[in-house]
Amino acid sequence: MAKEKTDPTKVEIAKQNSELLRGSIDETLRNPELDCFKEDDLQLLKFHGSYQQDDRDLRKSRRAEGLGKAYSYMLRVVLPAGQLTAAQYIDLDRIADEFANHSIRLTTRQAVQFHGVIKGDLRETIRQINESLMTTLAACGDVCRNVMATAPPIQDAVHTKIRETAHAVAAELKPATQAYHEIWIDGQRQVTSQTATPETEPIYGETYLPRKYKVGVTVQGDNQIDIYSYDAGLIGVLENDQLIGWNVVAGGGLGMSHGRPNTFAQIAENIGFVAIEDGVAAMRVIATIYRDFGNRFDRKQARLKYLIDKMGVDQFRREFIDRCEFDVHPSRPIPEIQIEDWMGKHEQRDGKFFYGVFVENGRIKDTDDVKLRTAFLKIIKTLNCSTTLTPQQSILFNDLDESQIKELESILTEHNVPLLHELSNARRYSMACPSMPTCGLAVAESERVMPDFITEVENTLAELGVADTQLTIRMTGCPNGCARPYTADIALVGRRPGVYHLFVGGRLAGDRMADLYAADVKIESIIETLMPLLNKFAAERNPEEGLGDFYQRVLDRTESRKRVTGKEIPTYDDLQPKLIQIGA
Ligand code: SRM
Ligand code: SF4
């Protein structure tokens, strides 16, 4: 068994010494001789919304030429509940051209990323984002990340409260440091040790949280945001269609490491029920328990799920109740989850309409064939509509008159963007993480190979006569789980270039973990490996049954799996009983 670590990690020390996230970021920005940041500052930079990256496609050739890495920066823009005005979208589109790689990347947490920003443009890019009333502060780092909310812009009391609560949690848990404004906006230090009122971080303290803290807000029955995958969340409970309070959930998380048995992906547990007005405070209380007891000696064990695992859910619940200055009741039973991705035309319940458009892997760009970016900009400029980014990396155009829908669809068609009826279910519900060439942790391709892989799946399902199946297919370039693979019907998780672990058995509802179905499969052999299951599915599925549900039924599972561990790669013998059951 690995010895428990007892020294604070380098990141903890960097935070402690940073004077509330300042470090020497400003000095490095001012020095044109430097093309990258110091190690400690790289950690701090994340809290400001940026990762230093390099173009991994160029590493080899640059090394051969005796050159260093081609550094550039990823910038993430925080958008609570995924909401953007028309003017903000137009500004983001312009920024993509002026400072980034001409694409906008919608994320799995309803935020936006730019890739390829150079160091010399970082300050101006962040300044312009702020000028448009958006921020990159706390998009990354050991703080509360972008707060998600179920996406549809339905204008009733329940959905309005969900969105307001997501914004309120984001505001409550935003870092208080002035460092962000000093470095990126004002350009000079406002608060010094001589300032009359010393600067503090009232909730986080000087070392912030042990790791990232992810929160989502939704309403019962609607798990569009995959709420069980996060550190904490609020599920609105309804009585006679009125919101009466929140079921608080905690302890989800999908990151794990191959070959490390003590890392795991797991779905969140019910913690209790609180009144509507106490939801925001409940998310703050959980953050403070995490702040005080989370592991600061081993970042691989630092997420809240490991703390809850160590304490036990019951003790965690007791600690939560002790700290709450409001009543906590047992969680309320809630109905079975439904998933809606809100693509196509829907009513907002205020006489207006919204219209969802699928964005493949969240990448808004123009290609020779499909002018997605141009189409979206034209829609927004012509129809002056606000937008909501969905947790499935897609977009909703809001506040439309019914008469404008035809115009919107004709703009899409003009630019070769497929309409909903032209999309297969396999593609519509798919997601892939960015991976190569920008992600420093990628070990295999994801976003760049996913479209072709989906085409293969589409062809296979059509040949088997099951193309109507609603199934989620997700791919990531490493086990960190950024496209939430472990709750999908089928998932490919990168092991090394061209090779993936194949998971099966989750479902769209996001409330069940998939199984490792086959280890170390080359991408060209994935379909072949799935064929026994797909054949059996085509022959024996019940009407409306999804692939993950079918797989669980064939295995005769009485209880859904709540956790997948990063244990050693299973051998063929380990997998054999499972394969025999499905007829392989
Ligand atoms: Fe993620 C790290 C991209 C959602 C778990 N994630 C990264 C980094 C920053 C790589 C790095 O640390 O160097 C990736 C940047 C790549 C690039 O080039 O852009 C990255 N993660 C993404 C995004 C953009 C994927 C996407 O396809 O949209 C998502 C941005 C969300 C946002 O707007 O904030 C993204 N990441 C997720 C999710 C899904 C979610 O939250 O809904 C997860 C799984 C849930 C969870 O957190 O448990 C996730 N990302 C991770 C992890 C594993 C954390 C862990 O607990 O072990 C890492 C690695 C790390 O933090 O060290 C990571
Ligand atoms: Fe990078 Fe891995 Fe996340 Fe993909 S899953 S973006 S490869 S960290």
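Worth saying up front: this structure is predicted, and the values here are computed from it rather than measured. In what follows, residues are counted from 1 in the order of the sequence shown. Every number for a ligand or one of its atoms is a count from 1 in the order of the listing.
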Asks: Out of all atoms in ligand 1, which are within 4.0 Å of some heavy atom of Gly253? Include the element for each.
Replies: 48 (O)
Asks: Considering only heavy atoms of Ala111, which atoms of ligand 1 have at least one such atom less than 4.0 Å away?
Replies: 33 (O)
Asks: Name the option, out of Glu447, Arg145, Gln52, Arg76, that contains the heavy atom nearest to atom 34 (O) of ligand 1.
Replies: Arg76
Asks: Looking only at the side chains, is there a donor atom on one of Asp40 and Ser18 sitting less than 3.5 Å from an acceptor on the other?
Replies: no
Asks: Gly255 heavy atoms, cut-off 4.0 Å: which ligand 1 atoms fall inside?
Replies: 48 (O), 53 (C), 55 (C), 57 (O)
Asks: Just heavy atoms, cut-off under 4.0 Å: does Met431 contact ligand 1 by side chain, backbone, both, or neither?
Replies: neither
Asks: Quick one: look up the protein heavy atom nearest atom 5 (C) of ligand 1 and list residue, atom name and how far away it is.
Replies: Asn480 O, 3.2 Å
Asks: Which protein heavy atom lies closest to atom 13 (O) of ligand 1, and at what distance to 0.1 Å?
Replies: Tyr51 CE2, 3.4 Å
Asks: So, 2.8 Å as the limit: is an N/O/S atom of Cys478 located closer than that to atom 2 (Fe) of ligand 2?
Replies: yes
Asks: Taking atom types as modelled, find out whether Tyr429 and Asp489 have a side-chain donor-acceptor pair closer than 3.5 angstrom.
Replies: no
Asks: Mind checking whether Gly481 has a heavy atom under 4.0 Å from ligand 1?
Replies: yes
Asks: For Cys439, take its heavy atoms, then give the atoms of ligand 1 lying under 4.0 Å from any of them.
Replies: 10 (C), 16 (C), 18 (O)
Asks: Nearest 0.5 angstrom please: Ile104 CD1 to His115 NE2, how far?
Replies: 12.5 Å
Asks: So, Arg105 and Glu447, do they make that salt bridge, N to O below 4.0 Å?
Replies: yes
Asks: Is it the case that the ring center of Phe47 lies less than 6.0 angstrom away from the ring center of Tyr180?
Replies: no
Asks: Which of the atoms of ligand 2 are close to Asn480, meaning less than 4.0 Å from one of its heavy atoms?
Replies: 8 (S)
Asks: Taking non-hydrogen atoms only, is Cys439 closer than 4.0 angstrom to ligand 2 via side chain, backbone, both or neither?
Replies: side chain
Asks: Please state whether Pro434 comes within less than 4.0 angstrom of ligand 2, counting heavy atoms only.
Replies: yes
Asks: Where does Arg211 meet ligand 1, judged by heavy-atom distances below 4.0 Å: at the side chain, the backbone, both, or neither?
Replies: side chain
Asks: Counting non-hydrogen protein atoms only, what is the nearest one to atom 15 (C) of ligand 1? Give residue, atom name and distance.
Replies: Met74 CE, 4.0 Å
Asks: Do you see a protein non-hydrogen atom under 4.0 Å from atom 8 (C) of ligand 1?
Replies: no
Asks: Does ligand 1 have a heavy atom under 4.0 Å from the side chain of Met148, from its backbone, from both, or from neither?
Replies: neither
Asks: Are Lys214 and Asp226 ion-paired here, with the side-chain N under 4.0 Å from a carboxylate O?
Replies: no
Asks: Ring centres under 6.0 Å, that's the criterion: do Tyr213 and Tyr208 meet it?
Replies: no
Asks: When you check the side-chain N and O atoms of Gln128 and Glu124, is any donor under 3.5 Å from an acceptor?
Replies: yes
Asks: For the pair Arg94 and Asp97, find out whether any cationic side-chain nitrogen is under 4.0 Å from an anionic carboxylate oxygen.
Replies: no
Asks: Taking atom NZ as the centre, does Lys174 end up with more than 12 heavy-atom neighbours from other residues, nucleotides or ligands that are less than 6.0 angstrom away?
Replies: yes
Asks: Hey, are Arg484 and Thr476 close enough side-chain-wise for a donor-acceptor pair under 3.5 Å?
Replies: no
Asks: So is there a nitrogen or oxygen of Thr108 less than 3.5 Å from a nitrogen or oxygen in ligand 1?
Replies: yes
Asks: Do the charged groups of Asp231 and Arg303 touch, with an N to O distance under 4.0 Å?
Replies: yes
Asks: Could you walk me through whether Phe264 and Tyr486 satisfy the ring-ring contact (aromatic ring centres under 6.0 Å, His included) test, starting with their C-alpha distance in whole Å, then the side-chain angles of each, then the deciding distance to 0.1 Å, before giving a yes or no?
Replies: CA-CA 10 Å; Phe264 49 80; Tyr486 309 112; over 10 Å; no
Asks: Numbering the atoms of ligand 2 from 1, which are under 4.0 Å from a heavy atom of Cys433?
Replies: 4 (Fe), 5 (S), 6 (S), 7 (S)
Asks: Gln393 heavy atoms, cut-off 4.0 Å: which ligand 1 atoms fall inside?
Replies: 26 (C), 27 (O), 28 (O)
Asks: Suppose I only count heavy atoms of Thr476 and a 4.0 Å limit; which atoms of ligand 2 are within that range?
Replies: 5 (S)
Asks: Ligand 1 versus Ser257, non-hydrogen atoms closer than 4.0 Å: side chain, backbone, both, neither?
Replies: neither
Asks: With respect to Ser435, determine whether any N or O atom, backbone or side chain, lies less than 3.5 Å from an N or O atom of ligand 1.
Replies: no
Asks: Between Asp520 and Arg496, is there a side-chain N and carboxylate O pair less than 4.0 Å apart?
Replies: yes
Asks: Within the side chain of Gln393, is there an N or O that forms a donor-acceptor pair under 3.5 Å with the backbone of Ala432?
Replies: yes
Asks: Between Tyr306 and Thr263, is any side-chain donor less than 3.5 angstrom from a side-chain acceptor?
Replies: no
Asks: Which atoms from ligand 1 have a heavy atom of Ala432 less than 4.0 Å away?
Replies: 27 (O)
Asks: When you measure from atom 33 (O) of ligand 1 to each heavy atom in Thr107, Leu79, Asp226, which option holds the nearest one?
Replies: Thr107
Asks: Which residue is it: Asp93, Thr367, Asp366? I am looking for the one with a side chain to side chain donor-acceptor pair (under 3.5 Å) to Arg373.
Replies: Asp93
Asks: Which residue and non-hydrogen atom of the protein lie closest to atom 3 (Fe) of ligand 2, and at what distance in Å?
Replies: Cys482 SG, 2.3 Å
Asks: Could you confirm whether Cys482 has any N/O/S atom lying under 2.8 Å from atom 1 (Fe) of ligand 1?
Replies: yes
Asks: To which of Ile225, Thr476, Leu254, Ile227 does the heavy atom nearest atom 48 (O) of ligand 1 belong?
Replies: Leu254
Asks: Do me a favour and list the nearest non-hydrogen protein atom to atom 51 (C) of ligand 1 with residue, atom name and distance?
Replies: Lys212 NZ, 3.4 Å
Asks: Hey, which atoms in ligand 2 end up nearer than 4.0 Å to a heavy atom of Gly477?
Replies: 4 (Fe), 7 (S)
Asks: Could you tell me whether His115 approaches ligand 1 through its side chain, its backbone, both or neither, with non-hydrogen atoms closer than 4.0 Å?
Replies: side chain
Asks: Measuring from atom 43 (C) of ligand 1, which candidate in Gln266, Arg484, Lys214 has the nearest non-hydrogen atom?
Replies: Lys214
Asks: With a heavy-atom distance limit of 4.0 Å, tell me whether Leu441 approaches ligand 1 through its side chain, its backbone, both, or neither.
Replies: side chain
Asks: Tell me which protein heavy atom sits closest to atom 56 (O) of ligand 1, plus the residue, atom name and distance to 0.1 Å.
Replies: Arg303 NH1, 2.8 Å
Asks: Whether Arg448 and Asp452 form a salt bridge (side-chain N of Lys/Arg under 4.0 Å from carboxylate O of Asp/Glu) is what I want to check.
Replies: no
Asks: Please confirm whether Arg109 makes a cation-pi placement over Tyr230, using NZ or CZ under 6.0 Å from the six-membered ring centre and within 45° of the ring normal.
Replies: yes
Asks: Could you list the atoms of ligand 1 found under 4.0 angstrom from a heavy atom of Tyr230?
Replies: 40 (C), 41 (O), 42 (O)
